[in-house]
Protein chains: 2
Amino acid sequence: MAAAPKNARPCSIADALALVGEKYSLLILREVCLGNGRFDQLVRNTGAPRDVLATRLRRLVDAGILDRRPYSERPQRFEYRPTRAGLELEPVLITLMAWGDRHLRGDDDRPMVIEHVCGHELVPEVTCRACGAPVRHEDLTSHPQTPGWTLSGPSVA
Amino acid sequence: MAAAPKNARPCSIADALALVGEKYSLLILREVCLGNGRFDQLVRNTGAPRDVLATRLRRLVDAGILDRRPYSERPQRFEYRPTRAGLELEPVLITLMAWGDRHLRGDDDRPMVIEHVCGHELVPEVTCRACGAPVRHEDLTSHPQTPGWTLSGPSVA
DNA sequence: TACTGTGAGTTTGGATTTCCTACCCACTGG
DNA sequence: CCAGTGGGTAGGAAATCCAAACTCACAGTA
């Protein structure tokens with residue numbers, strides 16, 4: 001998943017996945033968002049092999065999704081924290097988690113529950129900013145913007 | 001990414017990614033949601049090698065995310081369409097696409113624009129169903145539910 | 001009848017990635 | 001001095017990916 005597939009539809013989903021779609025990347029981001037940004041915590045909590053973790057961390061830092069900051073000189077120790085771009089990816093994680101809770105588990109064995117400041121449990125909902133309505137498939141119309149690509153595929157081949 | 005990492009935090013994000021986190025899976029779902037559910041369209045539009053595509057399709061059908069239905073007998077031809085579970089994954093794709101548009105591109109070269117029935121361009125926003133407020137990192141508190149796992153990691157090791 | 005094309009895959013063999021175990025280094029606390 | 005912890009590397013085995021070729025069934029044309 002290192003690079004976006006070639007000759008494929010140009011798409012920000014593909015681009016985003018090329019960055020964060022590799023195995024463990026989103027789990028790393030999850031832990032970092034939970035405040036667990038140290039190497040060994042990440043190893044324990046994500047289950048990633050140490051070398052893979054080191055590679056992913058470099059990539060995510062390069063991509064501007066994580067920030068690597070020292071929390072101790074002598075011995076030098078670093079901790080990873082989400083940048084603004086990283087934090088803005090959190091809603092994706094939350095939405096995915098809710099999907100997994102709903103479709104892959106019973107409603108009663110969710111491994112994690114998120115509480116919102118409003119006092120209720122967070123049930124995430126993707127809405128249209130303009131009208132506030134929840135997004136439903138039937139309410140959407142897609143408009144490709146790339147010359148040569150129609151809704152159904154490349155027009156010139 | 002075939003299976004969820006072992007010894008790692010139990011988590012629906014990990015479970016969901018074990019299903020749809022493999023390379024191309026989400027791009028396949030994107031195309032299927034756009035209505036492009038035929039094998040050769042998927043090959044062209046996702047850029048996936050044919051064998052990988054065949055493997056992914058089987059997996060997604062088994063997982064109940066896609067439905068494989070004949071659209072022609074003689075010759076037998078099949079087409080893939082999203083199930084309800086698949087459609088409910090669409091908001092994740094849309095949120096991810098918006099993130100990619102914002103962070104990986106200029107606002108003026110988005111490859112695809114989605115229009116909402118309300119007449120405006122869709123700008124997706126993840127909100128709290130209870131209070132309707134957009135989800136912000138600072139407003140959330142996570143509560144692990146699994147014995148042995150705290151916020152920062154396994155407590156018993 | 002033969003000839004060409006299409007849809008939906010499967011097969012093959014090699015190139016990449018990932019995984020896992022072990023090791024290394026710097027330091028700390030006892 | 002010793003064991004332990006944080007943050008990595010090294011090396012080979014295992015899994016995955018990829019491109020291209022191949023299959024099979026049928027359709028259209030001539």
Side-chain angles (χ1 to χ4, degrees), chain A residues 1-8 14 17-28 31-32 35-61 66-81 152-154 157, chain B residues 1-8 14 17-28 31-32 36-62 66-81 152-154 157:
Chain A
M1 182 79 81
K6 294 171 195 317
N7 307 325
L17 288 174
L19 269 189
V20 299
E22 290 167 302
K23 197 168 178 178
Y24 299 114
S25 293
L26 289 176
L27 299 185
I28 292 166
E31 288 301 319
V32 168
N36 304 322
R38 304 191 183 176
F39 196 87
D40 273 28
Q41 283 179 317
L42 290 170
V43 168
R44 274 195 302 279
N45 296 358
T46 65
R50 306 172 79 86
D51 57 347
V52 174
L53 179 58
T55 306
R56 294 294 178 275
L57 287 172
R58 263 191 299 274
R59 226 179 130 58
L60 291 171
V61 168
L66 297 185
D67 189 25
R68 181 182 196 249
R69 59 166 52 181
Y71 67 90
S72 137
E73 317 285 336
R74 333 212 28 71
Q76 273 222 320
R77 292 285 178 269
F78 298 93
E79 163 180 45
Y80 297 87
R81 320 192 66 201
S152 62
Chain B
M1 184 78 84
K6 294 171 196 318
N7 307 325
L17 288 174
L19 268 189
V20 300
E22 290 167 303
K23 198 169 179 177
Y24 299 114
S25 293
L26 289 176
L27 299 185
I28 292 166
E31 287 302 318
V32 168
N36 303 323
R38 304 190 183 177
F39 195 89
D40 275 26
Q41 283 179 316
L42 290 170
V43 168
R44 275 194 301 279
N45 295 359
T46 65
R50 307 174 77 86
D51 61 338
V52 174
L53 179 59
T55 306
R56 294 293 178 275
L57 288 171
R58 263 191 300 272
R59 230 179 126 56
L60 292 171
V61 168
D62 288 354
L66 297 184
D67 189 26
R68 181 181 194 252
R69 60 165 53 178
Y71 67 92
S72 138
E73 314 285 335
R74 331 212 31 73
Q76 273 224 318
R77 292 281 179 270
F78 298 94
E79 162 180 47
Y80 296 87
R81 320 191 66 202
S152 62

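Order of the sequence lines fixes the chain letters, A, B, ..., with proteins taken first and strands second; residue numbering starts at 1 for each chain.
- Taking the side-chain hydrogen bond (donor to acceptor under 3.5 Å, both in side chains) definition, one finds that B:Arg77 meets it with nothing, sequence neighbours left out.
- With sequence neighbours excluded, the residues that form a side chain to side chain contact (heavy atoms under 4.5 Å, CB included) with A:Asp40 are A:Arg44, A:Arg50.
- The side chain of B:Arg68 has C:dG9 as its nearest neighbour among C:dC19, D:dC18, C:dG9.
- Looking only at side-chain heavy atoms (C-beta outward), A:Tyr24 and A:Leu53 stay at 4.5 Å or farther from each other.
- At whole-Å resolution of the value, CG in A:Asn36 and C1' in D:dG6 are 15 Å apart.
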Pick out the pairs of N or O atoms, protein on one side and nucleotides 4-7 of chain C on the other, that lie under 3.5 Å.
residue: C:dG7; atom: O4'; partner: B:Arg77; partner atom: NE; Å: 3.0
residue: C:dG7; atom: O4'; partner: B:Arg77; partner atom: NH2; Å: 3.4
residue: C:dG7; atom: O3'; partner: B:Tyr71; partner atom: OH; Å: 3.3
residue: C:dG7; atom: O3'; partner: B:Arg77; partner atom: NE; Å: 3.4

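- Look at CZ on B:Arg58: it is 9 Å from P on C:dG9, rounded to the nearest Å.
- Checking C:dC19, D:dC18, D:dG8 against the side-chain heavy atoms of B:Lys23 singles out D:dC18 as nearest.
- Remark: C1' of D:dT16 and CG of B:Leu53 are 16 Å apart, rounded to the nearest angstrom.
- Note: CG (B:Leu60) to P (C:dG9) measures 13 Å, nearest angstrom.
- Per the geometry, CG belonging to A:Leu42 stands 10 Å off P belonging to D:dG8, to the nearest Å.
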Quick one: do A:Leu57 and A:Leu42 satisfy side chain to side chain contact (heavy atoms under 4.5 Å, CB included)? Show the steps, please. CA-CA 10 Å; A:Leu57 287 172; A:Leu42 290 170; 4.0 Å; yes
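- Separation of atoms CG (A:Leu26) and CG (A:Leu60) is listed at 8.5 Å; rounding is to 0.5 Å.
- The side chain of A:Arg56 places an N or O atom within less than 4.0 Å of a non-bridging phosphate oxygen (OP1 or OP2) of C:dT18.
- In terms of polar N and O atoms assigned as donor or acceptor, the side chain of B:Asp51 comes within less than 3.5 Å of the base of D:dC18 in a complementary pairing.
- Checked against side chain to side chain contact (heavy atoms under 4.5 Å, CB included), B:Thr55 has the following partners two or more places apart in sequence or in another chain: B:Arg58.
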Between N or O atoms, less than 3.5 Å apart, protein on one side and nucleotides 27-30 of chain D on the other: list the pairs.
none

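- The CD atom of B:Glu22 sits 14.0 Å away from atom CD of A:Glu22, with the distance rounded to the nearest 0.5 Å.
- When rounded to the nearest whole Å, the span between CG of B:Asn45 and P of C:dA8 equals 13 Å.
- One atom, CD of B:Glu22, and another, C1' of D:dC17, lie 12 Å apart when rounded to the nearest Å.
- Distance, B:Glu79 CD to C:dG9 P: 12 Å, rounded to whole Å.
- When the side chain to side chain contact (heavy atoms under 4.5 Å, CB included) test is applied to B:Asn36, the partners found at least two apart in sequence or on another chain are A:Arg9, A:Ser152, B:Glu31, B:Leu34, B:Gln41, B:Asn45.
- Taking the nucleotide of DNA chain C with the nearest heavy atom to each of B:Tyr80 and A:Gly47, the more 5' of the two is matched to B:Tyr80.
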Verdict with reasoning, A:Ile28 to A:Leu66, per side chain to side chain contact (heavy atoms under 4.5 Å, CB included): CA-CA 10 Å; A:Ile28 292 166; A:Leu66 297 185; 4.2 Å; yes
